[in-house]
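A short worksheet on the structure shown next.
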Number of protein chains: 2
Amino acid sequence: MQQKHVLIVEDEAPIRDMIRFALERADFSVVEAEDAQSARLAMADHLPDLILLDWMLPGISGAELAREWRRDELTQNVAIIMVTARVDEDDRVRGLNIGADDYVTKPFSSSELIARVRAVLRRSLPGGEDECLEFEGLSLDAASQRVSAGADAVRLGPTEYRLLRFFMSNPERVYSREQMLDRVWGQNVYVEERTVDVHIRRLRKALAPHGFDRFIQTVRGSGYRFSSKSL
Amino acid sequence: MQQKHVLIVEDEAPIRDMIRFALERADFSVVEAEDAQSARLAMADHLPDLILLDWMLPGISGAELAREWRRDELTQNVAIIMVTARVDEDDRVRGLNIGADDYVTKPFSSSELIARVRAVLRRSLPGGEDECLEFEGLSLDAASQRVSAGADAVRLGPTEYRLLRFFMSNPERVYSREQMLDRVWGQNVYVEERTVDVHIRRLRKALAPHGFDRFIQTVRGSGYRFSSKSL
DNA sequence: AACTTGTGTGACATATCCGTGACAGCCTCA
DNA sequence: TGAGGCTGTCACGGATATGTCACACAAGTT
């Protein structure tokens with residue numbers, strides 16, 4: 001994988017340093033900015049692949065900045081992760097509505113940060129926005145978050161949807177329950193591994209009326225695999 | 001998954017014991033150290049995959065130690081989790097700034113500890129390189145954990161799969177039953193050596209319909225060999 | 001040939017893994 | 001406040017894999 005460029009927009013120097021340290025250790029190239037203006041300056045030279053944006057900045061808020069970038073033709077496809085001290089749910093929702101791809105709450109561990117950065121970059125890498133996945137008659141539209149089996153629609157809960165989306169993005173490959181928890185549930189939640197089984201069951205059940213449950217295969221002792229080929 | 005080694009650096013014996021107990025129950029191999037010097041000693045023998053490092057140690061602080069290790073070529077890639085009684089935000093940032101991968105605050109539950117240890121180890125693992133082995137028509141794909149003989153698929157149990165994978169990664173070479181137990185079963189499980197024979201048999205049986213069982217050759221008095229050449 | 005040693009093979013008790021239904025907690029929405 | 005949807009956990013039971021044994025068989029040895 002080619003080295004990725006990350007722009008940090010953060011006014012507090014110690015946190016900036018900590019983030020830079022973590023990112024450079026993980027082999028990212030890092031550019032720093034302490035406010036909106038220096039951020040613009042940094043972007044003029046070279047567009048980053050991802051921006052780590054502090055929620056609170058002197059002058060303009062990070063949220064405003066994000067909204068602005070999303071409107072700009074040039075920057076609208078750059079991934080954004082909001083960094084904030086707030087734990088308020090409303091802010092979180094607002095942040096994501098603005099167009100941030102993910103959201104990290106202080107205090108966070110460096111490995112958590114890296115994991116989220118990697119996850120976002122991985123997600124935004126292929127083509128981008130309105131992802132539309134098709135698999136032998138089973139189709140998933142990311143924009144409308146709809147799944148349809150042939151003609152008729154499939155009704156899925158949020159978790160089942162994300163699970164299926166993950167599977168369809170990564171077919172023909174075995175994933176452990178641990179890996180699935182990482183990539184479908186999120187890196188910072190601790191849930192039992194068997195929970196994966198239950199959701200697999202629920203997804204299979206939803207897909208079964210159309211016969212698509214055969215795509216979800218159990219690999220005993222290892223995990224699960226999404227594949228069109230039979231066992 | 002192979003067993004991981006964890007080094008605990010902690011001066012208080014009861015806490016050390018508690019951590020050791022939790023880790024061993026979760027199938028990690030544990031080495032203890034009570035100060036910087038004994039930590040160095042423990043590392044000299046064998047590098048751990050992860051270090052649980054107490055923030056406060058007699059003499060040198062854990063933070064100093066972490067910084068030192070991060071500078072050392074040999075140890076800089078070993079994951080570090082700081083263990084501390086402090087809840088102060090600044091300390092946390094400072095700890096992560098130093099290069100710790102995560103941070104656990106006393107008191108902590110053993111399940112939380114295990115979760116964090118697992119999370120950190122998982123993240124520091126090298127990305128999944130897609131191993132794909134081929135051998136005269138017999139092919140094994142590590143990503144999908146599939147084995148196929150020519151056109152049709154071969155159905156294997158977990159142990160047979162690992163065994164075949166081991167063979168195909170190390171062809172043309174004789175291995176004793178003991179070596180095979182080490183590398184396929186794991187280094188510290190005790191099973192009878194004859195068990196290898198039984199699994200060899202099962203693997204041969206699965207490969208036989210396609211004629212590929214001839215690759216698994218018995219070397220009387222020594223062990224087995226995987227080879228395309230006959231005898 | 002008899003004996004010794006090493007390996008193939010089928011059977012079997014057990015351990016392990018996974019599918020499944022049930023359930024309580026938590027949301028949201030009316 | 002209650003209904004209804006979603007989530008994570010658990011316990012049970014069935015399916016499958018595992019390790020060990022006993023015995024058959026083969027290859028050397030005396």
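Protein chains get the first letters and strands the later ones, always in sequence-line order, with residue 1 at the start of each.
For A:Glu12, the side-chain contact (heavy atoms from CB on, under 4.5 Å) partners are A:Glu10, A:Pro14, A:Ile15, A:Lys106, not counting sequence neighbours. Considering only residues two or more places apart in sequence or on other chains, B:Phe215 meets the ring pair (Phe, Tyr, Trp, His ring centres under 6.0 Å) condition with B:Phe135, B:Phe212, B:Phe226. B:Val198 is linked by a side-chain contact (heavy atoms from CB on, under 4.5 Å) to B:Arg202, counting only residues two or more places apart in sequence or in another chain. Under the rule for a side-chain contact (heavy atoms from CB on, under 4.5 Å), the partners of A:Ser176 that lie at least two apart in sequence or sit in another chain are A:Glu178, A:Gln179. Contacts of B:Asn170 classified as side-chain hydrogen bond (donor to acceptor under 3.5 Å, both in side chains), with partners at least two apart in sequence or in another chain: B:Tyr175. Applying the side-chain contact (heavy atoms from CB on, under 4.5 Å) test to B:Thr195 and every residue at least two apart in sequence or in another chain returns B:Trp185, B:Val191, B:Glu192, B:His199.
As judged by a 4.0 angstrom heavy-atom cut-off over every strand, B:Glu193 is placed among residues making no nucleic acid contact.
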Sequence-aligned protein contact record of nucleotides 18-30 of chain C, with B where the base is within under 4.0 Å of a protein heavy atom and S where only the sugar-phosphate is:
BBSSB--------
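Ion pairing between B:Asp17 and B:Arg20 fails under the 4.0 Å rule for side-chain N and carboxylate O.
The stretch residues 136-158 of chain B participates, sequence neighbours left out, in no ring-ring contact (aromatic ring centres under 6.0 Å, His included) pair at all.
Contact footprint of chain A on DNA chain D: nucleotides with an atom under 4.0 Å from a non-hydrogen protein atom, first to last in 5' to 3' order, D:dC6 to D:dA17.
Rounded to whole Å, atom P of C:dG8 lies 11 Å from atom CD1 of B:Ile216.
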